[in-house]
Amino acid sequence: MEAPQLSFEFFPPRDDVQTARFRTARDRLLALHPDYVSVTFGAGGSTRSRTVDTVREIAEASGIPVAPHISCMSEDLDSLRQLLESYDRFGVKRLVVLRGDRPSGRYAGVFEHAADLVADIRQRWGSRFHLEVACYPEHHPESPSPAADLRHFRDKVAAGADGAITQYFFNAECYFRFVDDARALGVDVPIVPGVMPITNYQGLARFSRTCGAEIPQWIDKRLQAWDAEGDRESLIEFGHEVVCNLCRRLLDGGAPGLHFYTLNRAGPSLRLCSDLGLGNR
Ligand code: FAD
């Protein structure tokens, strides 16, 4: 059986302390020889140069492929195209193509939907880049219905995406159902689950509310109680067990790989990979 695809997502560090932490995490995670790592792109172009610097630094420090995230929230089409030219110059072969989070809710972006950016890249660059897109097993929060969101995902793949990474979720059934529904609509690209290690309650709860990921009540109540009691050890142990069991179910059920949202911390993803037997590649 083919080894599952393994990838790690980083965000561009903002200051010296974050840079030191990022480099430590990067080196520890690259030692697992992931298939690629990706680097997020902040809304409104605010971290554009930091994304570029981080991508370049990883590319120079290792032979591991780096996939920058690019989003429609660039200043204009010209700067977006220049960005792609720079990435091409330093050997980038894979991109994660997104609409991006809308900073003010007003600026619609260079394109309104990620599918338009996928189509533009395909038109100008042919098959030069492998394109990943985002998808949402629990459906995107702005979408009027799961069916509409699924159709838009299908359109994004039809525009030229080679693969998809999901928003994180804690319910394996919703992933399998989503994959079945996507296949029924003719989507045939790999759909890799995005995995969020659980290490903290407040941040996870806040982010889950905005991105529309559900924390099932039996998990939420326990995390909330340990957070209120200041019992970090129980929270982390339980969080690890929950996410590890989820990953096992996903891989056993045929998921083609795992994409870890590392938040620039190596420990939680390393422990999961080790327990899942993904540590010796
Ligand atoms: P789209 O595919 O454009 O979809 C956005 C919404 O529009 C959905 O509700 C969809 O159903 C709807 N839609 C799509 N097409 C149409 C249409 N033709 N007509 C009507 N409605 C339509 N954000 C960042 O800012 N930077 C990052 O680096 C980043 N990385 C991410 C990585 C992953 C793996 C994931 C899952 C998300 C990431 N995000 C990032 C968040 C992402 O930008 C947001 O979720 C954003 O709100 C939607 O992006 P999208 O690419 O899925 O958009």
Side-chain angles (χ1 to χ4, degrees), residues 5 7-14 36-52 54-55 66-75 80 83 87 94-121 130-169 174-175 178 181-182 185 187 189-196 207-213 255 257-264:
Q5 180 180 293
S7 51
F8 298 113
E9 180 180 298
F10 296 105
F11 65 84
R14 287 164 202 266
Y36 72 95
V37 298
S38 79
V39 181
T40 62
F41 180 94
S46 60
T47 65
R48 175 189 159 128
S49 63
R50 278 198 287 264
T51 300
V52 174
T54 308
V55 167
V66 195
H69 295 202
I70 61 160
S71 92
C72 302
M73 296 300 138
S74 283
E75 305 88 308
L80 225 171
L83 183 61
Y87 284 144
R94 184 189 288 254
L95 300 167
V96 181
V97 183
L98 303 144
R99 185 197 71 186
D101 285 323
R102 289 182 169 152
S104 66
R106 277 196 301 274
Y107 177 56
V110 170
F111 295 105
E112 204 170 335
H113 303 295
D116 306 323
L117 181 52
V118 169
D120 188 72
I121 297 172
H130 174 106
L131 304 181
E132 299 285 348
V133 290
C135 63
Y136 304 84
E138 294 177 310
H139 91 267
H140 186 263
E142 288 167 34
S143 161
S145 72
D149 200 37
L150 193 66
R151 281 197 302 276
H152 296 139
F153 170 48
R154 175 203 56 197
D155 295 345
K156 206 154 46 167
V157 173
D162 299 294
I165 305 167
T166 74
Q167 183 58 275
Y168 69 86
F169 54 86
C174 83
Y175 168 80
F178 178 79
D181 290 349
L185 276 190
V187 173
V189 299
I191 300 175
V192 174
V195 176
M196 180 66 87
F207 189 56
S208 301
R209 274 193 297 276
T210 46
C211 75
L258 299 171
H259 177 82
F260 287 89
Y261 296 111
T262 71
L263 306 180
N264 290 6

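Atoms within each ligand, like the ligands themselves, are counted from 1 in listed order. Along the sequence shown, residues are numbered consecutively beginning with 1.
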Query - Atoms in ligand 1 with a heavy atom of Ser143 nearer than 4.0 Å - result: 9 (O), 11 (O)
Report summary line: Min over Tyr261, Tyr136, Phe41 of heavy-atom distance to atom 50 (P) of ligand 1 lands on Tyr136
Query raised in the report: Hey, is ligand 1 close enough to Gly100 that some N/O pair sits below 3.5 Å?
Result: yes
Query - Polar contact flag for His152 and ligand 1 (N/O pairs, less than 3.5 Å) - result: yes
Query raised in the report: Taking atom 2 (O) of ligand 1 as the point of reference, which of Arg99, Lys156, His259 owns the nearest heavy atom?
Result: Lys156
Query - Backbone of Pro68 reached by a side-chain donor or acceptor of Ser38 within 3.5 Å - result: no
Report summary line: Here the atoms of ligand 1 under 4.0 Å from any heavy atom belonging to Gln167 are 36 (C)
Report summary line: Note: ligand 1 atoms sitting under 4.0 Å from heavy atoms of Thr40 are 28 (O)
Report task. Hey, can you tell me if His113 and His152 have their rings parallel, tilted or perpendicular (30° and 60° cut-offs)? Result -> parallel
Report task. Establish, yes or no, whether a centroid distance under 6.0 Å links the rings of Phe178 and Phe153. Result -> yes
Query raised in the report: Do the side-chain N and O atoms of Ser7 and His259 include a donor-acceptor pair separated by under 3.5 angstrom?
Result: yes
Report task. Search all heavy atoms of Tyr87 against all heavy atoms of Leu95 and return the closest pair with its distance. Result -> CD1-CD2, 4.3 Å
Query raised in the report: When only distance counts, is Glu142 in polar contact with ligand 1, meaning an N/O pair under 3.5 Å?
Result: no
Report summary line: Note: heavy atom closest to atom 10 (C) of ligand 1, options Thr210, Asp149, Ile165, belongs to Asp149
Requested in this report: Give a yes or no on whether the backbone of Tyr168 and the side-chain of Thr166 come within a donor-acceptor separation of less than 3.5 Å.
Outcome: no
Query raised in the report: Where the closest heavy atom to atom 17 (C) of ligand 1 is concerned, which of Arg151, His113, His140, Glu132 has it?
Result: His113
Query raised in the report: If you measure from atom 38 (C) of ligand 1 to every heavy atom of Leu150, Leu98, Val96, which option wins on shortest distance?
Result: Leu98
**Report entry** Considering all heavy atoms, the nearest Leu98-Leu117 contact
**Finding:** O-CD2, 4.0 Å
Query - Closest to atom 35 (C) of ligand 1 (judged by heavy-atom distance), picking from Cys72, Ala164, Ala134 - result: Ala134
Requested in this report: Report the distance from atom OH of Tyr175 to atom CD of Gln167, rounding to the nearest 0.5 Å.
Outcome: 14.5 Å
